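Working notes for the structure below.
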Amino acid sequence: MASLGFVERGFASGGIDHPVFEKGRGPSVLILHELPGLAMPCVRFAERLIGAGFRVHLPLLVGAPLRHAALANWRALCISVEFARLEAGIHAPITDWLRALAADIAERAGGARIGAIGMCFTGAFVIPLFIDAAVATGVVSQPAIPLRIVYRTISLGAGPWMDQLNISDDELQAGARAARSDQKKILLQRYADDRLCPGRRLERIARSFGPQAQLDEYSQPSWWRRVADPPHALLTEEYDRAGENDHATREALRRVIKLLNEQLAPKGH
């Protein structure tokens with residue numbers, strides 16, 4: 001990561017310790033990487049935000065920097081107490097660490113509030129961050145836990161899991177209350193054909209956050225992709241895979257940047 005201009009620092013809280021990679025100037029944005037890890041698709045997404053005028057903070061939650069290892073990371077997370085073994089409806093200790101990290105980033109920025117973006121297995125982890133004053137806004141992109149491989153493969157096995165999240169119900173309610181009371185906006189997004197992140201999951205979050213939530217669903221123009229290889233990673237791998245004229249990934253990034261600019265601008269601007 002150093003070769004790409006990122007500065008590494010360690011951050012420990014509550015017995016949990018992870019490295020954090022930082023780069024850029026401007027309002028701070030905490031980016032939580034997807035299941036493949038802190039690999040180049042996530043780094044390229046971070047670079048796009050840096051180019052838009054933000055300072056990004058990338059904690060390495062599992063795996064090695066710049067290594068794409070979805071299967072190995074999945075195996076590690078499934079037995080990790082820190083991540084509550086990826087079970088639904090349960091508090092994961094990593095969210096306490098993330099809240100402490102968000103507060104530390106805000107303090108280092110002179111008290112300026114920050115934005116947070118979670119994607120895939122970290123998507124729902126953004127919600128508890130809303131509880132604290134340090135976080136002004138957040139993006140929940142294609143939250144994928146819990147998931148069902150059979151449903152991802154052949155669309156069979158719909159059920160209650162489609163509404164569930166890998167945070168506790170209390171955290172969802174507390175995050176939503178804080179957003180409503182402090183007028184914090186949350187952006188929810190997914191591909192309409194994503195079978196790792198059912199629409200019902202985002203609809204549940206949107207109902208909890210009420211008028212503070214914006215829910216965006218995007219279509220994949222290729223019928224073959226929609227059927228045989230449903231799209232998922234809207235801001236990272238799908239962005240890299242798509243052409244410059246692809247509406248979904250470019251529009252999704254535009255809306256993320258618009259939200260961050262609006263919510264992180266200094267008061268009075």
Side-chain angles (χ1 to χ4, degrees), residues 10-21 29-38 42 57-64 69-106 114-135 137-149 160-179 184 186 188 190 196-198 200-202 204-205 208-209 232-233:
F11 182 75
S13 178
I16 297 174
D17 191 351
H18 290 285
V20 182
F21 299 91
V29 181
L30 174 60
I31 301 175
L32 311 182
H33 64 73
E34 295 158 306
L35 185 61
L38 190 48
C42 183
H57 306 261
L58 293 161
L60 177 65
L61 301 177
V62 64
L71 183 56
N73 291 346
W74 174 257
R75 289 171 175 165
L77 292 166
C78 282
I79 61 172
S80 171
V81 174
E82 186 177 312
F83 291 85
R85 300 184 180 88
L86 296 183
E87 295 183 27
I90 297 177
H91 168 73
I94 189 63
T95 60
D96 295 327
W97 183 85
L98 290 170
R99 290 173 66 183
L101 174 61
D104 180 74
I105 293 170
I114 75 169
I117 300 172
M119 305 174 285
C120 187
F121 88 97
T122 64
F125 290 162
V126 165
I127 294 171
L129 304 187
F130 273 79
I131 298 171
D132 303 315
V135 173
T137 191
V139 177
V140 175
S141 194
Q142 76 272 359
I145 304 298
L147 59 80
R148 295 293 184 271
I149 297 301
W161 67 272
M162 302 173 84
D163 298 278
Q164 295 171 340
L165 299 161
N166 56 325
I167 59 172
S168 70
D169 292 347
D170 287 344
E171 286 172 306
L172 173 59
Q173 294 165 9
R177 281 196 304 271
K184 299 181 182 183
I186 186 170
L188 313 170
R190 67 183 283 269
L196 290 174
C197 173
R200 284 166 46 179
R201 186 169 295 158
L202 290 190
R204 179 188 176 196
I205 300 171
S208 297
F209 277 76
H232 176 62

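Nothing here was measured: the structure is a model prediction, and the numbers come from that model.
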Please tabulate, one pair per line, all N/O donor-acceptor pairs under 3.5 Å involving side-chain atoms of residues 141-148, not counting sequence neighbours.
residue: Ser141; atom: OG; partner: Gln189; partner atom: NE2; Å: 3.0
residue: Gln142; atom: NE2; partner: Glu34; partner atom: OE2; Å: 2.8

Using atom types as modelled, flag every donor-acceptor pair under 3.5 Å from a side chain in residues 160-171 to any protein atom, sequence neighbours excluded.
residue: Trp161; atom: NE1; partner: Gly157; partner atom: O; Å: 2.8
residue: Asp163; atom: OD2; partner: Arg200; partner atom: NE; Å: 3.1
residue: Asp163; atom: OD2; partner: Arg200; partner atom: NH2; Å: 2.4
residue: Asn166; atom: ND2; partner: Phe121; partner atom: O; Å: 3.1
residue: Ser168; atom: OG; partner: Glu171; partner atom: N; Å: 3.1
residue: Ser168; atom: OG; partner: Glu171; partner atom: OE1; Å: 3.1
residue: Asp169; atom: OD1; partner: Arg204; partner atom: NH2; Å: 2.8
residue: Glu171; atom: OE1; partner: Ser168; partner atom: N; Å: 2.9
residue: Glu171; atom: OE2; partner: His91; partner atom: ND1; Å: 2.8
residue: Glu171; atom: OE2; partner: Thr95; partner atom: OG1; Å: 3.2

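- Considering only residues two or more places apart in sequence or on other chains, Phe125 meets the ring-ring contact (aromatic ring centres under 6.0 Å, His included) condition with none of them.
- Of all heavy-atom pairs spanning Ala174 and Ile131, the tightest one is CB-CD1, 3.7 Å.
- Legend: residues meeting ring-ring contact (aromatic ring centres under 6.0 Å, His included) with Trp74, ordered by chain and number and at least two apart, are absent.
- The distance from the CD1 atom of Ile114 to the CG atom of Asp104 is 9.5 Å, given to the nearest 0.5 Å.
- For the atom pair CG of Leu35 and CG of Leu61, the computed distance is 11.5 Å after rounding to the nearest 0.5 Å.
- Take Ala69 and apply the side chain to side chain contact (heavy atoms under 4.5 Å, CB included) test, not counting sequence neighbours, and it matches Arg67, Ala72, Asn73.
- Annotation: side chain of Cys42 is in contact with side chain of Ile31 (closest heavy-atom distance under 4.5 Å).
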Checking side chain to side chain contact (heavy atoms under 4.5 Å, CB included) for the pair Val62/His33: CA distance, chi angles, key distance, verdict? CA-CA 9 Å; Val62 64; His33 64 73; 3.8 Å; yes
Could you pull out every donor-acceptor pair under 3.5 Å between side chains of residues 75-89 and any protein atom, sequence neighbours left out?
residue: Ser80; atom: OG; partner: Glu82; partner atom: N; Å: 3.3
residue: Ser80; atom: OG; partner: Phe83; partner atom: N; Å: 3.4
residue: Glu82; atom: OE2; partner: His18; partner atom: NE2; Å: 2.5

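- Distance check: Ile127 CD1 to Gln173 CD gives 11.5 Å after rounding to the nearest 0.5 Å.
- Nearest heavy atom pair, residue Asp17 against residue Ala12, reads CG-CB, 3.9 Å.
- Not counting sequence neighbours, the partners of His57 by the side-chain hydrogen bond (donor to acceptor under 3.5 Å, both in side chains) test are Glu22, Ser28.
- Taken from CG in Leu101 to OG in Ser13, the straight-line distance is 9.0 Å, to the nearest 0.5 Å.
- By the salt bridge (charged side-chain N to carboxylate O under 4.0 Å, His left out) test, Arg201 is found to be paired with no residue, residues two or more places apart in sequence or in another chain being considered.
- The two residues Leu202 and Leu188 make their nearest non-hydrogen contact at O-CD1, 3.6 Å.
- Among residue pairs with one or both ends in residues 114-130, none qualify as salt bridge (charged side-chain N to carboxylate O under 4.0 Å, His left out); sequence neighbours excluded.
- Leu98 contributes atom CG, which lies 6.0 Å from atom CG of Leu129 (distance to the nearest 0.5 angstrom).
- Among pairs with a residue in residues 125-135, those fulfilling salt bridge (charged side-chain N to carboxylate O under 4.0 Å, His left out) read Arg99-Asp132, at least two apart in sequence or across chains.
- Under the rule for a ring-ring contact (aromatic ring centres under 6.0 Å, His included), the partners of Phe11 that lie at least two apart in sequence or sit in another chain are Trp97.
- In this structure, the side chain of Lys184 engages the main chain of Val135 through a donor-acceptor pair within 3.5 Å.
- One finds the CZ atom of Arg190 at 10.0 Å from the CG atom of Leu196 (value rounded to the nearest 0.5 Å).
- Looking at residues two or more places apart in sequence or on another chain, you find no salt bridge (charged side-chain N to carboxylate O under 4.0 Å, His left out) involving Asp96.
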